[in-house]
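Report on one structure; see the data block that follows.
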Amino acid sequence: MSMNHNELIASLIHIDGVSAEEIRALLVPPKDLSFADLALPCFRFAKALRKSPVEIANALAQEISADLPPFLLSCTALNGYLNFKFARDDMAKETLLKVCEQGDDYGKSDLGAGKTICIDYSSVNIAKPFHIGHLSSTVIGGALSRVFKALGYRVIGINHLGDWGTQFGKMIVAYKKWGDPAEVETGGVKALHKLYVKFHQEAEKDESLNDLGRAYFKKIEDGDPEALNLFSRFKEISLAEANRVYDRLGITFESYNGESFYNDKMQPVLDLLAAKGLLVDSEGAKVVEVGEDMPPCLLVRSDGATLYATRDLAAAYYRKNTYDFEKCLYVVAYQQNLHFRQVFKVIELLGEPWAKDLEHVAFGMVSLADGTMSSRQGKVVYLEDVLNSAVTKAREIIETKSPDLEDKDAVAEQVGVGAVIFGALQNNRIKDITFSYDKVLNFDGETCPYVQYTHARATSILEKAGAFDPQKADFASLENAHELISAIASFGDAIKAAADKREPSIVTRLAIDTAELFNKYYIDNRILNADEGTKEARLLLTAAVKQTLKNALALLGITAPNKM
Ligand code: ARG
């Protein structure tokens, strides 16, 4: 494979003690594209060379300019930065041919080959509604899984199911007292949740129900067949429902080991803590002191019960031993900041060098702009209902915009679900978001339908053009598409940055920028009836836009319809 511009530049610069790989990693896009296509800050070399960054940049610029390689238009220095301008037709040719040659693989690399990343995400709670609160974890985790896979990592996506706790004893009590098997069969989690709500109402009046709930939970723990049976049934019902949602979101997991999986895996960790003198008694409970700035981490209650944190400790060891991860990411809301700081600290105190590889990938809250959509059962908003509403609304828009479209239902599914996913991934993940159907389904905004629509437009242009000969392309005619070509060329870097920062919004941003630049280009430049050479170049550009948008959306779990 030929070297790309970044690699070529890295190979031009020789500094003792700095590898070409390091130089590549330092290259940044310039703030202003009219100024340069790529920049290298020279601050990092100041120490090694015992010179100021300004002196270093000036010297390098002079050296490289004296013997300018053909792919560069210029190399200049400014304020300690080296600025490179590429020969534009050369860059256009390299980029567009590469996209078309690599197709669905464009953007992928093998940077992560041989490395394993565990991603704990979605991690829904059994017998509880799969509600909008789990949207972000699910789609951020799904996107990160695909992003890391695209970089060649082995990814272990883990759905750390919330399938343990006294609530399951309560569920059994409610089911036995008021449950109707047929209703639960058809009503699924909604019916189960209704029973759970009923249990709490009744327990307000009759305190003894809580004791009964605890007794039934004990039965599950002790392996009582009837209790275990019901517990497994609840779990099946919940998972069947969750899987329906996962299918629509294009999500699969490598593991469904949830909290109950660690029942027999906590004691060794507790023993280890005790042996190291880290487990201390506190009013009958067992805790680990995790420093001045945090409350102690509670691991065993005075009645002997283990906790969420105990299970996470066992899970971390299990994952390290089973998968030998480079990193283990936990895609969980920022409300659990303290929990993860405590758990990670305990592992650090245990002296495990891999404690530093555990990372909480936190995100903000999702709330709804229109409060009217809360479901009948109360304030819970089911994710499946949100997807359904988005699809229904997308269907209406399509009906008015493209009444003659075939497969309207299939397209509405892709547009509606895509809009929800994209909307949840669009901002910096730590930001709280207010979800609105109108906003995410606006065909003219910075939205998924806008990107999908641009993809369909590119498809239609290519279809109208029919077969063409890329050999005839005159790349010099793409001078005014430089910004668009730069966006396409930076796709691989965007994937890498999204992985490094655990930030899928970098991919959504690239998709929007590419779509906007293409639409602008399309208004100003005829494609189908341009002169020979120019036409082929513009068609090649159109094909590259289509492919880049398709690949970017695919990373997010979104399909791009060819017509809409
Ligand atoms: N089930 C938990 C919740 O819904 C999230 C679990 C996150 N993962 C973990 N290993 N703690 O809040």
Side-chain angles (χ1 to χ4, degrees), residues 120-139 141-142 158-203 209 213 216-217 220 226-253 255-261 308 332-333 366 368 373-392 413 416-417 420-421 424 435:
D120 177 326
Y121 72 102
S122 193
S123 301
V124 290
N125 299 320
I126 293 303
K128 285 213 189 139
F130 192 164
H131 59 88
I132 186 139
H134 282 282
L135 170 64
S136 297
S137 174
T138 307
V139 297
I158 304 171
N159 198 338
H160 186 80
L161 298 173
D163 58 0
W164 205 247
T166 43
Q167 73 266 29
F168 295 101
K170 296 177 182 173
M171 277 299 314
I172 292 180
V173 173
Y175 181 77
K176 284 173 71 92
K177 276 192 180 303
W178 312 291
D180 170 0
E183 197 178 310
V184 168
E185 206 58 45
T186 51
V189 177
K190 291 187 186 181
L192 288 180
H193 184 60
K194 216 162 103 186
L195 284 171
Y196 191 64
V197 170
K198 170 134 178 121
F199 179 93
H200 283 279
Q201 285 161 355
E202 298 293 327
L209 280 175
Y216 262 99
F217 179 56
I220 306 177
E226 188 208 11
L228 262 188
N229 230 328
L230 284 171
F231 171 67
S232 315
R233 186 76 199 106
F234 297 159
K235 194 162 158 175
E236 266 168 33
I237 293 173
S238 303
L239 274 182
E241 182 146 328
N243 281 328
R244 270 208 314 272
V245 174
Y246 293 140
D247 280 349
R248 297 176 78 179
L249 298 176
I251 280 179
T252 52
F253 294 95
S255 162
Y256 283 88
N257 290 335
E259 294 190 38
S260 72
F261 179 77
Y308 182 51
V332 186
V366 181
L368 296 156
M373 20 171 297
S374 26
S375 73
R376 279 151 289 150
Q377 274 82 5
K379 292 206 170 50
V380 185
V381 178
Y382 291 85
L383 188 48
E384 195 168 26
D385 292 344
V386 173
L387 296 180
N388 290 342
S389 304
V391 171
T392 308
E413 172 75 16
V417 172
V420 175
I421 300 177
F435 179 87

Q: Look up atom CD1 in I421 and atom OG1 in T138, then write down how far apart they are to the nearest 0.5 Å.
A: 10.0 Å
Q. Of all heavy-atom pairs between G142 and I251, which one has the smallest distance, and what is that distance?
A. CA-CD1, 4.1 Å
Output side-chain donor-acceptor pairs under 3.5 Å for residues 236-248, partner residues at least two apart or in another chain, one line each.
residue : atom : partner : partner atom : Å
E236    : OE1  : R233    : NH1          : 2.8
S238    : OG   : A127    : N            : 2.8
S238    : OG   : F234    : O            : 3.0
E241    : OE1  : V189    : N            : 3.4
N243    : OD1  : Y256    : OH           : 3.2
N243    : ND2  : L239    : O            : 3.2
R244    : NE   : E384    : OE2          : 2.8
R244    : NH2  : E384    : OE1          : 3.0
R244    : NH2  : E384    : OE2          : 3.3
Y246    : OH   : S122    : OG           : 2.7
Y246    : OH   : N159    : ND2          : 3.0
R248    : NE   : E413    : OE2          : 2.9
R248    : NH1  : N388    : OD1          : 2.7
R248    : NH2  : N388    : OD1          : 3.2
R248    : NH2  : E413    : OE1          : 3.1

Q.
Run the side chain to side chain contact (heavy atoms under 4.5 Å, CB included) test on D385 and K190 for me, step by step, so that the C-alpha distance in whole Å, both residues' side-chain angles and the decisive distance to 0.1 Å come before the verdict.
A. CA-CA 12 Å; D385 292 344; K190 291 187 186 181; 3.3 Å; yes
**Q.** Pairing residues for K177 by the salt bridge (charged side-chain N to carboxylate O under 4.0 Å, His left out) criterion, not counting sequence neighbours
**A.** none
Q | Atom pair CG (L249) and CG (L135), whose distance is rounded to the nearest 0.5 Å | A | 7.5 Å
Q: Tell me, with the steps shown, if F217 and W164 meet side chain to side chain contact (heavy atoms under 4.5 Å, CB included).
A: CA-CA 9 Å; F217 179 56; W164 205 247; 3.3 Å; yes
Q: Please report the closest heavy-atom contact between P181 and G179, naming both atoms and the distance.
A: CD-O, 3.8 Å
Q. Listed by chain and number, what are the side-chain contact (heavy atoms from CB on, under 4.5 Å) partners of N257, not counting sequence neighbours?
A. S255, F261, Y262, Y318
Q | Atom pair CG (L195) and OH (Y175), whose distance is rounded to the nearest 0.5 Å | A | 8.5 Å
Q.
Testing the basics here: between V366 and F435, what is the closest heavy-atom pair and its distance to 0.1 Å?
A. CG1-CB, 4.1 Å
Q) If you take all heavy atoms of N125 and G162, which pair is closest and at what distance? A) OD1-CA, 3.4 Å
Q.
Could you work out, with salt bridge (charged side-chain N to carboxylate O under 4.0 Å, His left out) as the rule, every residue matching K128, not counting sequence neighbours?
A. none
Extract all donor-acceptor atom pairs below 3.5 Å that involve side chains of residues 165-172 and protein atoms in other chains or at least two apart in sequence.
none

Q. Under the ring-ring contact (aromatic ring centres under 6.0 Å, His included) test, which residues partner Y216, sequence neighbours left out?
A. none
Q: For V124 and L161, run side chain to side chain contact (heavy atoms under 4.5 Å, CB included): C-alpha distance rounded to whole Å, both residues' side-chain angles, the deciding distance at 0.1 Å, then the answer.
A: CA-CA 5 Å; V124 290; L161 298 173; 3.9 Å; yes
Q: Classify the angle between the aromatic ring planes of Y382 and H193 as parallel (below 30°), tilted (30 to 60°) or perpendicular (above 60°).
A: perpendicular
Q. Between the main-chain N or O of S260 and the side-chain N or O of D163, is there a donor-acceptor pair closer than 3.5 Å?
A. yes
Q.
For A424 versus V139, what's the shortest heavy-atom pair and its separation?
A. CB-CG2, 3.7 Å
Q) Rounded to the nearest 0.5 Å, how far apart are CD1 of I220 and CG of N229? A) 11.0 Å
